Amino acid sequence: MAASGLVYAEFGIGSALAGAACAWLPQKFSLRARYVSFAAILCAGMLVLFIGAQLVSLPAAVAVASFTVAPYMISLYALTERLAPAERAAVAMTILCAGGPLGTAAGQAVSGRLADAQGVDGALLVALIVAAGALLLALSAFMADRQRNIWIIDVPPREASGDPGAFRASAERPLSIN
């Protein structure tokens, strides 16, 4: 039990460091690019976790994978803030905040059953499958918006409204992944 606590702590430390580093990302790295990039990095990180635990060691794999979670989560929070209408922002953030622990609990329940039946590999497969789902969702959103030639999150809502007193984005155009 003590070893699993240390691995979990290692994961939390790496994730916290990566999350703090997000504060220094350049503004040119658009929310669209962050969302898709961090979903891909999350999926790659969980692949490293799954394969690395088999070929190298679980602590080494966790050290790498841990840096991929917080940037993805931060991009989800930023998306929610950007997309939710101001009068519904608190509800949207509440749903997102509640979804994290619920998703974690569901993942742990499935992982626990698979760990009992298949060992560590079965449990780690859940993280890889969920990360692949996150990547598919990000790519689907990107492709859908690309077909419409619109990406509503690249423009802050108040700026798009034409309100003269609203927030104005910097003159620099964000990088895009078109």
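Small disclaimer: the values here were computed from a predicted structure and weren't measured.
No continuous path of ILVMFWY side-chain contacts below 4.5 Å connects Val91 to Tyr77, so the two sit in separate hydrophobic clusters. The same ILVMFWY cluster, assembled from side-chain heavy atoms under 4.5 Å apart, contains both Val120 and Ile51. Using a 4.5 Å cut-off between side-chain heavy atoms of Ile, Leu, Val, Met, Phe, Trp and Tyr, with links allowed through other members, Leu55 and Met46 fall into the same hydrophobic cluster. Hydrophobic clustering (ILVMFWY, side-chain heavy atoms < 4.5 Å, transitive): Leu125 and Leu136 are in distinct clusters. Residues Ile13 and Val62 are members of separate hydrophobic clusters, defined by side-chain heavy-atom contacts under 4.5 angstrom among Ile, Leu, Val, Met, Phe, Trp and Tyr.
A pairwise comparison of heavy atoms in Ala65 and Gly45 identifies CB-O, 3.3 Å as the closest pair. Here the closest non-hydrogen pair linking Leu31 and Ala78 is CD1-CB, 3.6 Å. The shortest non-hydrogen separation linking Met93 to Glu81 is SD-N, 4.3 Å. Taking each heavy atom of Ala39 and Ala134 in turn, the nearest pair found is CB-O, 4.0 Å. Contact between Gly52 and Ala61 at its shortest, heavy atoms only, is C-CB, 3.8 Å. Smallest separation of non-hydrogen atoms from Ala53 and Leu58: CB-CD1, 3.8 Å.
By the 4.5 Å heavy-atom criterion applied to side chains, Glu10 and Pro59 are counted as neighbours. Side-chain contact check for Val69 versus Leu42: some heavy-atom pair is nearer than 4.5 Å.
Ser15 places no side-chain N or O within 3.5 Å of a backbone atom of Phe11 that could act as its donor or acceptor partner.
To the nearest 0.5 angstrom, Leu135 atom CG is 9.0 Å from Ser140 atom OG. A distance of 11.5 Å separates SG of Cys43 from CD1 of Ile41, quoted to the nearest 0.5 Å. Separating the SG atom in Cys97 from the CG atom in Leu102 is a distance of 11.5 Å, to the nearest 0.5 Å. Of the inter-residue distances, the one linking Ile129 atom CD1 with Leu124 atom CG reads 11.0 Å to the nearest 0.5 angstrom. In this structure, Leu25 CG and Ile74 CD1 are separated by 8.5 Å, a value rounded to the nearest 0.5 Å. Interatomic distance, Leu79 CG to Leu96 CG, rounded to the nearest 0.5 Å: 9.5 Å.
Between Phe29 and Phe38, the ring planes lie perpendicular to each other; the angle is over 60°, past the 30° to 60° tilted range.
In the hydrophobic clustering, where aliphatic and aromatic side chains (Ile, Leu, Val, Met, Phe, Trp, Tyr) are joined below 4.5 Å either directly or transitively, Leu114 groups with Val110, Val126, Val130.
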